[in-house]
Participant: 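Take this structure first; my questions come after.
Every chain is numbered from 1, with letters handed out A, B, ... down the list of sequences. Predicted, not measured: the structure shown is a model, and the values here were computed from it.
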Amino acid sequence: MRRGDLLAVAGLCVLALLLVGWRALSTPDQHGSLLPRPHHRLELSMSLVGVGQDIALRAALPSSSPRQRITGEMVSSGELAYSVESGPGVRRGQWEGRNVEGEHHVVYSATVRTFAKRFELAPDLRVPQSHPPHLQPYLLPGPEVQSDAPEVRELLRRIAPQAGVESLTSTLRRLFEHTRDEIEPAGFTGTTDALTCLRLGEGSCGGKSRLLVALSRAAGIPSRLVGGVILREGRWRSTHVWTEVWVQGHWVPMCPLNDHFAAVPEDYLAIYRGEHPLITHSADINFRYHFESRRVLAPPTAWARSARLPVVTPLSSWEVFERFQVPVDLLKVVLMLPFGILVVVLARNVLGIETFGTFVPALLAVAFGEIGLLMGMLLFAVIVLCGTGVRVFLERFHLLQAPRLAVVLTAVVAVMLLIGIAGAATGTVIPSWISLFPLAILTMVIERVTVTLEEEGAVTVLRLAAGTGLVVVGSYAVMQAEWLQLAVIAFPELLLFAVAGFVIAGRWLGMRLLEIVRFRTVLSEPRATT
Amino acid sequence: VIGWVRRLHRLGEEYVGINRRNLELVDPLNPRRARPLVDDKLLCKDRLESGGVRVPRTVKVVEGFGELGRLGPALEGWGGGFVIKPARSSGGKGIMVVRRGADGVWRAPGRGGPREVSIEDVREHVAQILCGMYTTGKSWDRAFAEELVEPAVELAELGTGGLPDVRVIMHREQPVLAMLRVATARSGGRANLHQGAIGLGVDLETGLSHRAICRGREIRVHPDTGHPLLGVAIPRWLDVLEAATRSARAFELGFLGVDVVIDARRGPLVLEVNARPGLAIQLANGQGLRAALASAEVGR
C-alpha cells in the first residue's frame, strides 16, 4: 500500500467515525430513537373443523401499553366473520360463522415490541389505610382468588405476622418469597385456584400467581392477575400468567414462578388483566392453535409512532427512511449488500477463493436471508443440479445460446414451482421464499457450471462450487449479523468503512492465500540462484 | 516457525501474485487502449504481421451468421487440418482442433479420443462462438479458422498429441522468463497448466529446459511417454526469442506473454499475445518474476 492509499483509508474511517459521533451526540436518544430495535412478528394460528353447526371463537388480543407496543395487526379470517369486543382488562377478537363446514384457519398477527421493566420499591412504603374506589375490585375475593378463605388468612398470619405494621415492601417480599419457594413448581395445565394451590403445596404459574394475588388482597394490597405469553423464536403453545400489585400509583409486576420481583423481563407479552380465558371456542370443532414468532427489525418506536417531527434533519436516518417509507426489510438488504460484497472481495483478492461469478455469492446470500442458510443452500444445489441436467440434455438439440438459456430458465421456474408445492405440502418451505431466488443468476450459474464442466471437468466445477458455498456462508453471516444491521441502518455512514475495506483490498499487493498454497513447493526448496 | 516466516517473506519478495501482477505490472505498463489489440486474436495477428512477426495462416474469418454458408467451401478448399477459435475468448476456451486423416475424414481430438466431425458440427461450434458462448462478458464474437500447426518433431515427440508452445514473458521488450508447455493425456491435448499440462522452465541463455512441473509438483519424465524433460533443447531458440521481442515491439505493452509455436517447416510462429500472462511460469522455472525482473534490470 502506498502512502496515498493509507491516507484515503484513514480519511474514510475518520470521516465515518466523525459522522457517527456527531449524530449520536446531537440526537436525543429517547426510547432508542437512533437504533432500530429487534421486534417480534407474533402469530396466533387457530384451526377448526365444522360439521354444519354454528361456531364462535374468541381470543384475547394484546394491546399497547407503555411497556409493550403492538403495531401492524393483521387478521386472516377466511369465511368467518371477525369483530373485536373490548371489556375490562381484555380486548377480544371474535370469529363467528353459521353452518360451518370443513376446515377453517384463523390467523392473528402483529409486530410486537416489549421492554423489560423494573421497579425499585422504597423500603419504607406503608400499606395505605384506604384505596380509591376504582381499586376496590382488586381487593375483593374472587372464585379463583379466595382471599377471604380462613386458610389464606392463616397462611398470611404465619408468613407475614407483621403485615400492616411493617413496610409494604417487606410484606410483598415475604408473600413473593413464599409463593416462589414454598410452592413446588408443577406442570399443571388448566386453571389452579389460589386455595387449591395452597392446599397442594404445588402449582404452575397460574397457581402461584393466584395465591400471590389472594395473599396480597388479604393483606390489603390491591392486586390482579396478568395473562400473556413469553415470546420466543419458533412455535409454541404454552401461555403464561403473572401478578401485578398496586404500589403508589403503579401496577408493579411480580412473577413468582420465574423469580421476577417488582420486575418484568423483556420477553413477557401481556395480553389480558384479570381472570379471563385466553381462548374460548365452541365445543367439538377439533380446535388447534399455536403461537409462532420470529425476530424482525423494526424502526425505533419513537419514529414509528408518528411523523411528529415535520422537518427532515440529517440527525436521524430513521426519520428520513420513515418519511419516504423505505421498508426496513429493503434497508436490510440494500445497506447490508456492500458489507456482503466486502466479504466477497476479501475472499477473492486476499484469500484467492474462486467462485462462480464475482458477485454471485453475495446475491445468493441475500436470497437466502428469508429461507435460512442451510435450506437455501440445499434448494439452490437442487435447482442447479436439475438445471445442469436439463442443460446437458439440451446439448443434443444444438440450440443457440439465448434460446437455450431461455429453456434452462423455464426449467428452473418449473423446478422452483415443484419445490414450492412440495415444500408447502410438507410444511417445510414457504413457496414465497423460493420466489426470492434470483432467476437470472440461477440460469447464468447453470450455464457457467455446464461450460466449466465441458471445458475443465467436474473437479473444477466442484472446486468452484465449494468456493462459492464458502463465500456465501461468510457473506450471509456478515449480512445477517443483527448488531451490524442495527448499526448500519441507524448510521448508514458506516458504509464508508466498507469503502475503506474495498480500497485496502484494491491496493493489496501481497500474495493471495491460495497462491501461497499453490507456490508451496518453492517454499520448501533451497534458495534459487539468481 | 521463524524459518517458515522467513520463507514466506522470501516468497513475497521474489514471486509475483495476481494482485501484484495486476497493480504493479499490468496496470502501469499496459495502457488500456492497447489491450483490445491483443485481446482480439484477429486484430493481434494483423498487428503482429505488420510488425514482421510470422503467424499461422488464417483460413477463414466468420463475422456473422450470413457467412456460415461459406465456411464449408473455404475449409474444403484449405485441405489440411485447422483450428476454430473465437477471436476474443481467454484461457483457451472455445478452441476446436480438427485434423484431416489420410482417408479425408475430419477428426477432433478430445478426452475420450478423436471423434469424427462433420461440417455441420464445425458450423454449430462457430455459431456458438458468434453468440458469445466462450467470450466472457460479451454477447457476440467473431470466429476464425486457422491452419493447424504441425510442431517441430523434437517437441512433438515429447508429449501425447497437442501442440507444445513456448510462453515468453516480456518486460519492456526484454525476455524475463520462458516456459515450454506440453500436453498430457490428462490435459486432453491442451497446453494449459491448470488443466494438467506440463510446464518446463527454459533457460533464456541456452534454450534448454532445466526444470519441469505438473500440477504443482516437480517431475523429471513425461508421465505418459516417459520422455526425459530436463535438458530438452527448444529448436531455433534464438528465432523464438527474436519473434517474442518483435511481438513486444509491435504493441504498446510493457508486460506481456508471447505464445510461440515452432512449426516443423516454417519455424517459430506467434500464436497469440497475452496482456495478463499467468503466473505458473514462475513455478516452472523455480524462479520468481520479481527476482527475474531484478536480474534482467541488472543485465540491461
Participant: What residue in B/Ile18, B/Leu130, B/Asn22 has the most heavy-atom pairs under 4.5 Å with chain A?
Facilitator: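 Heavy-atom pair counts peak at B/Ile18.
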Participant: B/Leu279 versus chain A, heavy atoms under 4.5 Å apart: side chain, backbone, both or neither?
Facilitator: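 Both backbone and side chain of B/Leu279 come within 4.5 Å of chain A.
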Participant: Using a cut-off of under 4.5 Å for heavy-atom pairs, which of B/Cys131, B/Gly216, B/Gly94 has the most such pairs with chain A?
Facilitator: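 So the answer, after comparing B/Cys131, B/Gly216, B/Gly94, is B/Cys131.
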Participant: Looking only at heavy atoms and a cut-off of under 4.5 Å, which of B/Leu11, B/Asn285, B/Asn19 has the most pairs with chain A?
Facilitator: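 Counting heavy-atom pairs under 4.5 Å, the top option is B/Asn19.
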Participant: What class does the angle between the rings of B/Phe255 and B/His171 fall in, given that below 30° is parallel, 30 to 60° is tilted and above 60° is perpendicular?
Facilitator: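 It falls in the perpendicular class, over 60°.
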Participant: Taking the basic N atoms (NZ, or NE/NH1/NH2) and the acidic carboxylate oxygens, is any pair closer than 4.0 Å for B/Glu14 and B/Arg290?
Facilitator: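 Judged by the 4.0 Å cut-off on N to carboxylate O distance, B/Glu14 and B/Arg290 do not form a salt bridge.
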Participant: What I want to find out is whether A/Glu447 reaches A/Arg404 closely enough, with some N-O distance under 4.0 Å, to be called a salt bridge.
Facilitator: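 Result for this pair is yes, salt bridge flagged.
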Participant: Tell me, side chain or backbone of B/Leu8 under 4.5 Å from chain A's heavy atoms, or both, or neither?
Facilitator: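 Both parts, backbone and side chain.
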Participant: Quick one: of A/Arg448, A/Glu515, A/Arg518, who has the most non-hydrogen atom pairs under 4.5 Å with chain B?
Facilitator: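 Top count of heavy-atom pairs under 4.5 Å with chain B: A/Glu515.
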Participant: Flag the pair B/Arg32 and B/Asp39 as a salt bridge only when some basic side-chain nitrogen lies within less than 4.0 angstrom of an acidic carboxylate oxygen.
Facilitator: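 B/Asp39 and B/Arg32: not salt-bridged.
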Participant: Quick one: closest heavy-atom pair of A/Pro361 and A/Val344, and the distance?
Facilitator: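 Reported closest heavy-atom pair: CB-CG2, 4.1 Å.
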